[in-house]
Amino acid sequence: TLLIGMFIGFEQFMEGLSQVGLWGFCVLLSCSFLSYLIRFYRWKFLLQHTIPLKEHLIIYFAGFSLTMTPGKAGEAMRSFYLTKFGVPKKDSFTCFLTERFFDVAALVTFVLMGAYAFPTAQIVVAFIFPVLLMAFFLLRTRFSLSPFRFTIGLILGLAAWFLEGFSLYILLGILGEDISLLFAVFSHAFALLIGAITFLPGGLGGTEFSLFELLSYYGITGSHAAVATFLIRLTTLWFSTLIGLIALPLLDRKFTVSQH
């Protein structure tokens with residue numbers, strides 16, 4: 001993203017950053033942190049094991065330290081620490097896979113909603129949507145989720161990922177760009193899916209390029225598209241990684257002390 005910013009004009013890029021300012025940056029971080037708390041509640045709801053809240057939260061956040069692994073597979077490291085609270089690895093790993101399912105389901109839902117706004121894509125969406133519903137049903141059965149747990153898990157996933165798309169909407173508004181909330185959420189979700197398909201760590205490269213191109217296609221100026229892409233990734237992917245890197249030593253210290 002920085003390379004894109006330098007290509008279109010470093011001064012314009014820096015001007016865009018200053019336009020967002022500290023207040024705007026804090027708003028973006030707040031949206032992301034609230035998204036993480038919703039995801040933690042979803043994880044806690046799906047795992048259904050009684051664990052002290054403070055320790056459970058630290059374990060969950062520590063998993064973010066390995067968010068950069070392909071498919072976020074490194075986040076499964078939570079299983080190691082949860083066994084110390086009597087949680088079988090099978091249960092925590094199943095919960096991890098269920099989380100990934102709800103993440104993909106939420107992002108695909110937002111992409112379909114955004115695509116439906118384009119008349120030429122409505123027929124395709126109308127065909128894919130029932131197929132998606134069937135996939136939801138089959139996977140619900142595969143993960144042995146009751147209708148209630150499935151519905152709550154999906155709603156929480158939609159809420160968490162909506163917040164990140166909403167932060168993109170706020171960011172572009174601060175930059176003075178006129179963009180609909182639906183397109184902002186759609187663009188963010190679409191870019192994340194493209195990044196996931198590349199199977200690169202954190203979707204690096206694919207997500208940034210896709211988001212920048214989508215915003216540019218919509219008519220966002222190059223400098224603002226670069227600033228938005230840079231800041232949204234900084235306050236989501238890299239912010240979560242930072243939280244994980246802070247939580248991990250706290251977790252190790254806590255378990256080291258408890259063993260003595």
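This one's a predicted model, so the numbers in the text were calculated from it and none came from an experiment.
- Taking all atoms of both residues into account, the shortest heavy-atom contact from L215 to A228 is CD1-CB, 4.0 Å.
- With hydrophobic clusters built from ILVMFWY side chains whose heavy atoms lie under 4.5 angstrom apart, F148 shares a cluster with F150.
- Atom CZ of F101 has more than 12 heavy atoms from other residues, nucleotides or ligands within 6.0 Å.
- Checked against ring pair (Phe, Tyr, Trp, His ring centres under 6.0 Å), F110 has no partners two or more places apart in sequence or in another chain.
- Taking hydrophobic clusters as Ile, Leu, Val, Met, Phe, Trp and Tyr residues chained together by side-chain heavy-atom distances below 4.5 Å, L22 does not share a cluster with L175.
- Residues satisfying the side chain to side chain contact (heavy atoms under 4.5 Å, CB included) criterion with T50, sequence neighbours excluded, are absent altogether.
- Evaluation of the side chain to side chain contact (heavy atoms under 4.5 Å, CB included) rule for T207 yields A191, L192, R233 as partners, not counting sequence neighbours.
- The cluster map of Ile, Leu, Val, Met, Phe, Trp and Tyr, joined by side-chain heavy atoms under 4.5 Å apart, puts I170 and W23 in the same cluster.
- Here the side chains of L211 and L168 are in contact, with some heavy-atom distance below 4.5 Å.
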Residues Q19, H224; criterion side chain to side chain contact (heavy atoms under 4.5 Å, CB included); working and verdict: CA-CA 10 Å; Q19 191 174 342; H224 287 172; 3.8 Å; yes
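- Taking the side chain to side chain contact (heavy atoms under 4.5 Å, CB included) definition, one finds that E213 meets it with F209, sequence neighbours left out.
- Within the structure, every pair that satisfies the salt bridge (charged side-chain N to carboxylate O under 4.0 Å, His left out) test and touches residues 156-170, not counting sequence neighbours, is listed here: R39-E164.
- Y169 contributes atom OH, which lies 9.5 Å from atom CZ of F162 (distance to the nearest 0.5 angstrom).
- Taking CG of L82 as the reference point, atom CE of M77 lies at 9.5 Å (rounded to 0.5 Å).
- W43 is listed as a side-chain neighbour of R78, based on a closest heavy-atom distance under 4.5 Å.
- Looking at heavy atoms from C-beta onward, F85 lies out of side-chain contact with H49 at the 4.5 angstrom threshold.
- Remark: the S223 side chain and the E15 side chain contain no N/O donor-acceptor pair separated by less than 3.5 Å.
- S79 pairs by the side chain to side chain donor-acceptor pair (under 3.5 Å) definition with S92, not counting sequence neighbours.
- Taken from CG in L231 to CD1 in I174, the straight-line distance is 9.0 Å, to the nearest 0.5 Å.
- With contacts defined as side-chain heavy-atom distances shorter than 4.5 Å, the pair S167/I232 qualifies.
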Audit row: F25, L234, side chain to side chain contact (heavy atoms under 4.5 Å, CB included) steps and yes/no: CA-CA 10 Å; F25 189 69; L234 181 64; 3.8 Å; yes
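- The aromatic ring centres of Y60 and F64 sit less than 6.0 Å apart.
- Rounding to the nearest 0.5 Å gives a distance of 10.0 Å between CG of L172 and CG of D178.
- Contact of the L248 side chain with the I58 side chain is not registered, since no non-hydrogen atoms from C-beta on lie closer than 4.5 Å.
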Verdict with supporting geometry, F166 and V185, side chain to side chain contact (heavy atoms under 4.5 Å, CB included): CA-CA 6 Å; F166 181 62; V185 174; 5.5 Å; no
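- Contact check for I194 versus F190: side-chain heavy atoms found under the 4.5 Å cut-off.
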Which pairs of donor and acceptor atoms, one on a side chain in residues 27-34, lie under 3.5 Å apart (sequence neighbours left out)?
from, atom 1, to, atom 2, distance (Å)
S30, OG, C26, O, 2.8
S32, OG, L28, O, 3.3
S32, OG, T235, O, 2.5

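- Within the model, atoms CZ of F186 and CG of L182 stand 8.5 Å from one another, a figure rounded to the nearest 0.5 Å.
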Could you pull out all donor-acceptor pairs under 3.5 Å where a side-chain atom in residues 151-159 meets a protein atom, sequence neighbours excluded?
from, atom 1, to, atom 2, distance (Å)
T151, OG1, P147, O, 2.7

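- Of all non-hydrogen atoms in T229 and A225, the two that sit nearest each other are OG1-O, 2.7 Å.
- You'll find the ring centres of H56 and F40 inside the 6.0 Å limit.
- For F93, the ring pair (Phe, Tyr, Trp, His ring centres under 6.0 Å) criterion is met by F96, not counting sequence neighbours.
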Trace of the side chain to side chain contact (heavy atoms under 4.5 Å, CB included) decision for W161 with H188: CA-CA 9 Å; W161 290 107; H188 180 258; 4.2 Å; yes
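- Applying the ring pair (Phe, Tyr, Trp, His ring centres under 6.0 Å) test to F239 and every residue at least two apart in sequence or in another chain returns Y36.
- The ring pair (Phe, Tyr, Trp, His ring centres under 6.0 Å) search around Y218 returns F183, not counting sequence neighbours.
- Under the 4.5 Å side-chain heavy-atom criterion for grouping Ile, Leu, Val, Met, Phe, Trp and Tyr, L245 is not connected to L251 through any hydrophobic cluster.
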Side-chain donor-acceptor distances from residues 123-133 under 3.5 Å, at least two apart:
none

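- To the nearest 0.5 angstrom, T236 atom OG1 is 12.5 Å from L163 atom CG.
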